[in-house]
Amino acid sequence: MTVFLTDADVQAAFDWADAIAALRSAYAAPPDETRFPACTMARGDGLWLRTLSGVPGDAGPMGAKLIAASPGTGVPRI
């Protein structure tokens, strides 16, 4: 099920002080390629999937981003 957030939802959940603290913590950790590996790219006939992942130095939230494309196939990818 797709969930759509309104501006009010985001504003109610977002806190500038927390966001700034998280950025400071993330950028304070020394760079480490093992925490932020290069992206991976899986390719097929007319489609691809790109994966980016990372873990912070302070054991905070981890993240992953998947980007899929199948241009010209007429098949939507989510």
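These numbers come from the heavy atoms of this one structure, side chains and all, not from hydrogens, waters or symmetry mates.
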Taking all heavy atoms of [X] and all of [Y], pick out the closest pair and write down the distance.
X: Ala19; Y: Phe14; value: CB-CZ, 3.5 Å
X: Asp9; Y: Phe4; value: OD2-O, 4.2 Å
X: Ser53; Y: Pro37; value: O-CD, 3.6 Å

field: Atom pair CZ/CG of Arg50 and Leu66 - distance to nearest 0.5 Å
entry: 11.5 Å

query: What is the distance from atom OG of Ser70 to atom CG of Asp45, rounded to the nearest 0.5 Å?
result: 11.5 Å

message: Is it true that, when you exclude Met62 itself, more than 12 heavy atoms of the residues, nucleotides or ligands shown sit nearer than 6.0 Å to its CE?
response: no

- prompt: Near Asp32 CG, under 6.0 Å, is it more than 12 heavy atoms from other residues, nucleotides or ligands?
  reply: yes

- prompt: So which pairs with a foot in residues 13-23 pass side-chain hydrogen bond (donor to acceptor under 3.5 Å, both in side chains), sequence neighbours left out?
  reply: none

Heavy-atom side-chain proximity of Trp48 to Ile67 below 4.5 angstrom: yes

